[in-house]
Amino acid sequence: MAIQTRCQKLGLVPPRQSWRWSARQQLRKLYPEARKEEICEVFPGVDWRKIQSAARYYGYRRKKKPYKITGIISLDQSRSRCYDIGWTMRDFDEEAGTKRYFQTRGYRSKYPNFRAINRGVRALGGRLEIRWDEQR
């Protein structure tokens, strides 16, 4: 311990971050939704990885981001429904029985598999249908 303290005084080792109660409370409030840059501004001189490890140690988690838009309307609506009810794409695949279609970005192929999308929509309790525009 004496050697560690001496190394810190000599500047050979960066000083340890002590996570006092007030710092932990700040981290608890900011960590779920604030951007990385905002959090780093509140804790100057502390590396982002150390902030992440402290948050993990104290059990703080970041809020899950919504799924990205794919451009396929039926797929985007089912993915947003999964986000709303808290399903991951793995849960979606298991419930729909589509093996790993939604997990492995199978929808990114040139032609999306509408059979798999239909199975997913039914697993979510919906119905896939086509609506036509007004007659021309």
Worksheet item: Which pairs, with at least one residue in residues 29-51 and sequence neighbours excluded, count as a ring pair (Phe, Tyr, Trp, His ring centres under 6.0 Å)?
Response: W19-F43

Discussion item. Does R24, at its CZ atom, have more than 12 non-hydrogen atoms belonging to other residues, nucleotides or ligands within less than 6.0 Å?
Written reply: yes

Discussion item. Applying side chain to side chain contact (heavy atoms under 4.5 Å, CB included), can you list everything that pairs with L12, at least two apart in sequence or on another chain?
Written reply: C7, L10

Fill in: Contact summary for E38 and A34, nearest pair of heavy atoms
OE1-CB, 3.4 Å

Practice prompt. Could you pull out all residues at least two apart from T88 that satisfy side chain to side chain donor-acceptor pair (under 3.5 Å)?
Written response: D91

Worksheet entry | Residue pair Q25, R28: steps toward the side-chain hydrogen bond (donor to acceptor under 3.5 Å, both in side chains) verdict | CA-CA 5 Å; Q25 292 304 316; R28 182 180 61 81; 2.8 Å; yes

Discussion item. Would you say that W87 contacts E95 through its side chain, given a criterion of any heavy-atom pair below 4.5 Å between the two side chains?
Written reply: yes

Worksheet entry | Closest non-hydrogen atom pair, R79 against T70 | NE-CG2, 4.1 Å

Discussion item. Tell me the closest heavy-atom pair linking D76 and G71, and the distance in Å.
Written reply: OD2-N, 3.1 Å

Worksheet entry | Partners meeting side chain to side chain donor-acceptor pair (under 3.5 Å) with Y58 (sequence neighbours left out) | none

Worksheet item: Can you tell me how far the CD atom of Q26 sits from the CZ atom of R20, to the nearest 0.5 Å?
Response: 12.5 Å

Worksheet, complete the sentence: Interatomic distance, CZ@R90 vs CD@Q103, rounded to 0.5 Å, equals 6.0 Å

Practice prompt. With sequence neighbours left out, write down each residue that passes side chain to side chain donor-acceptor pair (under 3.5 Å) with S74, or none if nothing qualifies.
Written response: none

Fill in: Joint cluster assignment, Y101 & I69, ILVMFWY side-chain distance < 4.5 Å
no

Practice prompt. Return the minimal non-hydrogen interatomic distance between F102 and I117, and the atom names on each side.
Written response: CZ-CA, 4.1 Å

Worksheet item: Any side-chain heavy atom of I85 sitting closer than 4.5 Å to one from L124?
Response: yes

Practice prompt. Kindly compute the distance separating CG (N113) from CD1 (I72), expressed to the nearest 0.5 Å.
Written response: 10.5 Å

Fill in: Results of side chain to side chain donor-acceptor pair (under 3.5 Å) for K63 - residues two or more places apart only
none

Worksheet entry | Closest heavy-atom pair and its distance - D93, K99 | CB-O, 3.2 Å

Worksheet entry | Atom pair NZ (K36) and CG (L30), whose distance is rounded to the nearest 0.5 Å | 15.5 Å

Item to complete: Can you measure from CZ (R62) to CZ (R35) and round to the nearest 0.5 angstrom?
Response: 10.5 Å

Item to complete: Indicate, with yes or no, if I73 and L128 share a hydrophobic cluster defined by side-chain heavy-atom contacts under 4.5 Å among Ile, Leu, Val, Met, Phe, Trp and Tyr.
Response: no

Practice prompt. Give the ring-plane orientation class for Y83 versus Y67, where under 30° counts as parallel, over 60° as perpendicular and anything between as tilted.
Written response: perpendicular

Discussion item. Just checking K64: does its NZ atom have more than 12 heavy atoms from other residues, nucleotides or ligands closer to it than 6.0 angstrom?
Written reply: yes

Item to complete: Measure the spacing between CD1 of I39 and NZ of K29 and express it to the nearest 0.5 Å.
Response: 14.0 Å

